[in-house]
Amino acid sequence: MKNSGIPGFAMSGSLRAVWRGLLCCGMAGFALGAAAADKLVFCAEDRDIRPWITRDGRGLNFELLNRVARQAGLRFEYRQTSWKRCLEDLKQNSVDGAFGASFKAERLEFGAYPGGERADPRKRLNMDRYVLVRPKGARVDWDGKRLSGLKGPVGVQLGYSIADHLRSMGVAVDEGSPGAAELLRKLLAGHVEAVAMLDGEARSLLAEDLRYAALLEIVAQPLVEKPYYLLLSHRFLAARPELAEAIWQGIEQVRESRDYQALEKQ
């Protein structure tokens, strides 16, 4: 996916005011000179979460953030690692931000969401949903309110928030799989009766592998839909609150631009 400009994209009045505030506070030198001096380092998971994040450093989250950086005169560097390590690096202030994070109250100790303790969905990077994948012909089902036909745990990826959601419904969870492909292999091997996965990655894997497509299916009703955010480190937020807010506002404005929305629809 090629990075492109933002035809017709301009800062809102509120965002321009933030950047004027940076100038007054002497912070524009950081913002506008970031490419030559400071840079912001963001981490993400080193696995495919399509269409948002891919292991080769592409995907719509990267595209959106790159557009924000160009618009604001900033420079973002990306590091991909395990999600657990990414969050730990954020907690230790080893990175300035971590993206691809849904809201979990426990994650507030690792970093800050836009909007604080009640994360503002208007400043999300994207929406995504979890779906239930089962063997074709299996009795396991989800009607939007209740799981039925389930005798054992549901498989989920390690560290993913859907595990807590399922537990809150009284469903046992198997968190032994680090990635989506491993999760589907576990399902095919009969170690679990169903798995909960992000919709885009589930559909991509079923489309790419004829074995998956022949033996597995996605339950039509999604388990849950959630916004996903850029978390910023507590140290960065404390040191540069105006810049942090400008980045989050930039995410909202780029995401709502016609040019980016057209790209997302593709």
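What you see below is based on every heavy atom in this structure, not just the backbone, and it leaves out hydrogens, waters and symmetry mates.
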**Message:** Under a 3.5 Å distance rule, please check whether Arg50 uses its side chain to pair with a backbone N or O of Glu201 as donor and acceptor.
**Reply:** no
**Message:** Using 0.5 Å steps for rounding, measure from the CZ atom of Arg85 to the CD atom of Gln80.
**Reply:** 15.0 Å
**Request:** Indicate the atoms forming the closest heavy-atom contact of Leu125 with Gly100, along with that distance.
**Result:** CD1-N, 4.1 Å
**Check: Val173 and Pro153 side chains under 4.5 Å, non-hydrogen atoms** = no
**Request:** Could you grab the distance from atom CG of Asp48 to atom CD of Glu45, nearest 0.5 Å is fine?
**Result:** 9.5 Å
**Item:** Side-chain touch Arg146/Asp143, heavy atoms, less than 4.5 angstrom
**Value:** yes
**Prompt:** Which pairs, with at least one residue in residues 111-135 and sequence neighbours excluded, count as a ring-ring contact (aromatic ring centres under 6.0 Å, His included)?
**Reply:** Phe103-Tyr113, Tyr113-Tyr229
**Asked** Taking all non-hydrogen atoms of both residues, which atom of Pro222 and which atom of Trp142 are closest, and how far apart?
**Response** O-NE1, 3.0 Å
**Prompt:** Taking all atoms of both residues into account, what is the closest heavy-atom pair of Phe42 and Leu65, and its distance?
**Reply:** CD1-CD1, 4.4 Å
**Close side-chain approach of Asn126 to Leu60, heavy-atom, < 4.5 Å** = no
**Item:** Any side-chain heavy-atom pair of Leu132 and Leu147 under 4.5 Å
**Value:** yes
**Fill in**
Residue set satisfying side chain to side chain donor-acceptor pair (under 3.5 Å) with Arg107, at least two apart, ordered chain then number -> Ser102
**Message:** Suppose clustering is done on Ile, Leu, Val, Met, Phe, Trp and Tyr with side-chain heavy atoms closer than 4.5 Å. Which residues sit in the same group as Tyr212?
**Reply:** Val131, Val133, Leu183, Leu184, Leu187, Leu188, Val192, Val195, Met197, Leu205, Leu206, Leu215, Leu216, Ile218
**Request:** Check whether any side-chain heavy atom of Lys84 sits under 4.5 Å from a side-chain heavy atom of Glu88, and report yes or no.
**Result:** no
**Asked** Say you draw a straight line from CD of Glu175 to CD of Gln157; how long is it, rounded to the nearest 0.5 Å?
**Response** 10.5 Å
**Flag side-chain contact, heavy atom, 4.5 Å: Asp128 against Glu225** = no
**Side chain Lys136, main chain Ala213, donor-acceptor under 3.5 Å** = yes
**Request:** Drop me the distance from Phe76's CZ to Arg67's CZ, to the nearest 0.5 angstrom.
**Result:** 14.0 Å
**Request:** Apply ring-ring contact (aromatic ring centres under 6.0 Å, His included) to Phe62 and Phe99, showing your working.
**Result:** CA-CA 9 Å; Phe62 292 104; Phe99 61 96; 5.3 Å; yes
**Request:** Report the C-alpha separation of Glu77 and Arg75 in whole Å, then their side-chain angles, then the decisive distance to 0.1 Å, and conclude whether the salt bridge (Lys or Arg N to Asp or Glu O under 4.0 Å) test is met.
**Result:** CA-CA 7 Å; Glu77 177 181 300; Arg75 184 161 62 106; 5.2 Å; no
**Request:** Compare every heavy atom of Val95 with every heavy atom of Ser233, then report the nearest pair and how far apart it is.
**Result:** CB-O, 3.5 Å
**Request:** Return the minimal non-hydrogen interatomic distance between Glu256 and Gln261, and the atom names on each side.
**Result:** OE1-NE2, 3.3 Å
**Request:** Search all heavy atoms of His165 against all heavy atoms of Ser168 and return the closest pair with its distance.
**Result:** O-OG, 2.5 Å
**Message:** I want to check something: taking the side chain as every heavy atom from C-beta on, are Arg124 and Arg255 in contact at a cut-off of under 4.5 Å?
**Reply:** yes
**Asked** Hey, does Asp46 have a side-chain heavy atom less than 4.5 Å from the side chain of Trp83?
**Response** no
**Asked** Hey, does the side chain of Glu182 reach the backbone of Gly176 with a donor-acceptor pair shorter than 3.5 angstrom?
**Response** no
